[in-house]
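Below: the structure, in structure tokens.
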Amino acid sequence: MSTLKVYNSLTRQKETFEPLVNGHVGMYVCGPTVSGESHMGHARPFITFDIVYRYLMHLGYKVRYVRNITDAGHFEEEGREAEDKISKKATIEKLEPMELVQKYTNLYHWAMSQFNNLPPSIEPTATGHIVEQIGMIETIIADGYAYEVNGSVYFDVEKYNTDFAPKGQPYGMLSGRVLEDMLETTRDLDNQEEKRNKADFALWKNAPPEHIMRWKSPWGEGFPGWHIECSAMSTKYLGDQFDIHGGGMDLQFPHHECEIAQSTVCNHKTPARYWLHNNMITVNGKKMGKSYGNQISLTQMFTGNHPILEQAYAPMTIRFFILQTHYRSTLDFGNEALKAAEKGLKRLWEAYELSQKIELTAVQSADAALDATVRKLLATFDEYMNDDFNTAKVLASMFELVPVINGIKDKHIAADALSAETWQLLQKQLKLFVEDIFGLKSELAGGDGKLDGVVQLLITIRLDAKTKKDYVTSDKIRNELATLGIQLKDERDGGTSYSVN
RNA sequence: GGUCCUGUGGCCGAGUGGCUAGGCAGAGCUCUGCAAAAGCUUCUACAGCGGUUCGAAUCCGCUCGGGACCUCCA
């Protein structure tokens, strides 16, 4: 079997994946900032790296998957009045950061479970690691790569670059930036005058009086800079150097670049060996993001409650939609594309369920060509996944198996066309990839069997009516069920199956 | 302005120089009491112009278009 190759942003090429410690993989993925609700764009990395996580485990690795929750920093709820922060108000009336954080963390966890994403091994919070962050900043200062100004601490990018560029670790190595170029183009920011250099970034920020989240530090009351939490927590749980660092492409610079600089100073190593970045989801060609105001939150997706949504889209539809594209390509959002995904998933899922029910018994296949084709298609699953997690190609192979499965059901294809051995391989491989690795699941809620019992009863009644050629009754049953979203299908063998939309 | 990515058929998308994914939509047929589903068949592609090559969607150059990052952002 082929070996796993991943595209490493750091080297800009596909590389064979080799973990640092045999049999173990450490993976860090940048998680959400819980000051607002997650949107479609956020769903992408979490689904992408859920697949990576699942696939690595399938390959037999023991994976420690760390995904942080950013709950510290400059906190305000989106759209909330600034006066909430004013200290004159009663405590209960004021914005309580932890309440906000709790609310959106809960929502986020709920959305992740809707998507059937496995929980990470460790989900550390920034607020829970202030001590580690301060410790790291102290080390950086002690080593001379950071300086304090008015209670804030900044990372000295130029000094870092001067010292580490000769070692082959220049600042900008991940995003392909050259420091000299950046010094001229960086725009003005708050407190820019405090920095020695425009490219310097904050490790610790002094908290102005009205700032609601604040901690004591050697430099006064303040809060950690944007990048330090990931360095502190990845080091703590994965070590000085670990295997995979993941996140959205928009984090490559400056976030991951700064992470590399901080960690390299403290640990003397480039923190992660493989940097994996997923591309963006776009709306009408524009990235879905805060800056563009074109976000569609996950609850809006699930309910269809948004002006540009023509209908609600189920979590599995969205998951499938995302899997249909390679993670490093942009994915354009649109109702037509989502509807296509919805129908495609339904077709795939129904064929998959069928495949698990049908049993074939032929000792030898009567159609050697078809048998070989099926085996070849099944083998591509692993091959394509090993090629930088190409879920799109795996799905294409699966769809090529759908006519075979349906053909056997409809008896267009003889029951002995495939050998029992091939069929069992198909059942096993489909189960493994559809459910275990792609994490797809039936949209049918509950499954307590009551609905099935009721539908089966109606099917029996309808069959009686049909036998008596009482088509008025039989069509009424079928039509009424259809309006409820239950579709009856008369099979060739005289039986009736149904599917729920 | 700097760095980088990208332009595939009605829509979404995969594509390692030759064997032209896949899904959705459209058309026809089969099956069916009628439907639906399913099956079979079918249609439409590689932004433009040059170049390299026996051969290019795939490599190179130019033009035009789109986008990302450089500021919070998945």
(request) Run the salt-bridge test on A:Lys468 and A:Asp464 with the 4.0 Å N-O cut-off and return the result as yes or no. (result) no
(message) The criterion is side chain to side chain donor-acceptor pair (under 3.5 Å); which residues satisfy it with A:His42, sequence neighbours excluded?
(response) A:His39
(request) Searching all strands shown, indicate the nucleotide that pairs with B:rA14 (Watson-Crick or G-U wobble; both distances under 3.5 Å). (result) none
(message) Over all strands shown, is A:Thr325 touching base, sugar-phosphate only, or nothing at heavy-atom distances under 4.0 angstrom?
(response) sugar-phosphate
(request) Could you tell me whether A:Arg319 sits above the aromatic face of A:Phe438, with NZ or CZ closer than 6.0 angstrom to the six-membered ring centre and within 45 degrees of the axis? (result) no
(message) Counting distance alone, no hydrogens or angles: does the base of B:rC72 have a donor or acceptor under 3.5 Å from a partner atom on the side chain of A:Ser291?
(response) yes
(request) Sort out the partner of B:rG1 for me: Watson-Crick or G-U wobble, both distances under 3.5 Å, none otherwise. (result) B:rC70
(message) Would you say that A:Ile477 contacts A:Ile459 through its side chain, given a criterion of any heavy-atom pair below 4.5 Å between the two side chains?
(response) no
(message) A cation-pi test, strictly: NZ or CZ of A:Arg328 under 6.0 Å from the centre of the six-membered ring of A:Tyr7 and no more than 45 degrees from its axis. Yes or no?
(response) yes
(request) Report the residue from A:Lys489, A:Lys409, A:Lys343, A:Lys357 that forms a salt bridge (charged side-chain N to carboxylate O under 4.0 Å, His left out) with A:Glu350. (result) A:Lys489
(message) Can you tell me the base-pairing partner of B:rG7? Count Watson-Crick or G-U wobble geometry only, both distances below 3.5 Å, and say none if there is no partner.
(response) B:rC64
(message) Walk me through whether A:Asp200 and A:Arg196 qualify under salt bridge (Lys or Arg N to Asp or Glu O under 4.0 Å).
(response) CA-CA 7 Å; A:Asp200 292 353; A:Arg196 290 182 192 164; over 6 Å; no
(message) Classify A:Ala396 by what it touches in the nucleic acid, base, sugar-phosphate, or nothing, heavy-atom distance under 4.0 Å.
(response) base
Report, one pair per line, the protein and nucleotides 15-20 of chain B atoms (nitrogen or oxygen only) whose separation is under 3.5 Å.
from	atom 1	to	atom 2	distance (Å)
B:rG15	OP1	A:Asn390	ND2	2.6

(request) May I ask you to say whether A:Arg462 pairs ionically with A:Asp490, meaning some side-chain N is under 4.0 Å from a carboxylate O? (result) yes
Below 3.5 Å between N/O atoms, which protein atoms pair up with nucleotides 63-67 of chain B? Just atom names and distances, please.
from	atom 1	to	atom 2	distance (Å)
B:rG67	OP1	A:Lys286	NZ	2.9

(request) Indicate, with yes or no, if the rings of A:Tyr154 and A:Phe201 have centres closer together than 6.0 Å. (result) no
(request) Please give the nucleotide sitting opposite B:rU52 as a Watson-Crick or G-U wobble pair, both distances under 3.5 Å, or none. (result) none
(request) Sugar-phosphate means primed atoms, P, OP1 and OP2; the rest is base. With that split, encode nucleotides 24-37 of chain B 5' to 3' as B, S or - using protein heavy atoms under 4.0 Å. (result) SS-----S-BBBBS
(message) If you assign each of A:Pro403 and A:Arg12 to its closest nucleotide in RNA chain B, which residue comes earlier from the 5' end?
(response) A:Arg12
Quiz: residues 391-401 of chain A side-chain donor-acceptor pairs under 3.5 angstrom, not counting sequence neighbours:
from	atom 1	to	atom 2	distance (Å)
A:Thr391	OG1	A:Leu323	O	2.7
A:Ser397	OG	A:Thr380	OG1	2.7

(request) Find the partner of B:rC34: check Watson-Crick (N1-N3 plus N6-O4 or O6-N4) and G-U wobble (N1-O2, O6-N3) distances, both under 3.5 Å, and reply none if neither fits. (result) none
(request) Among A:Phe49, A:Tyr28, A:Phe46, A:Tyr53, find the one that has a ring-ring contact (aromatic ring centres under 6.0 Å, His included) with A:Tyr65. (result) A:Tyr53
(message) Donor-acceptor pair, distance only, cut-off 3.5 Å: does the side chain of A:Ser365 make one with the backbone of A:Asp371?
(response) no
(request) Check each residue of residues 306-320 of chain A for a non-hydrogen atom within less than 4.0 Å of any atom in RNA chain B, then write out the ones that pass by number, or none. (result) none
(message) Looking at B:rG39, which nucleotide sits across from it as a Watson-Crick or G-U wobble partner, both distances under 3.5 angstrom, or is there none?
(response) B:rC29
(message) One pair to check against ring-ring contact (aromatic ring centres under 6.0 Å, His included): A:Phe155 and A:Tyr160. What are the steps and the verdict?
(response) CA-CA 8 Å; A:Phe155 189 93; A:Tyr160 173 82; 5.6 Å; yes
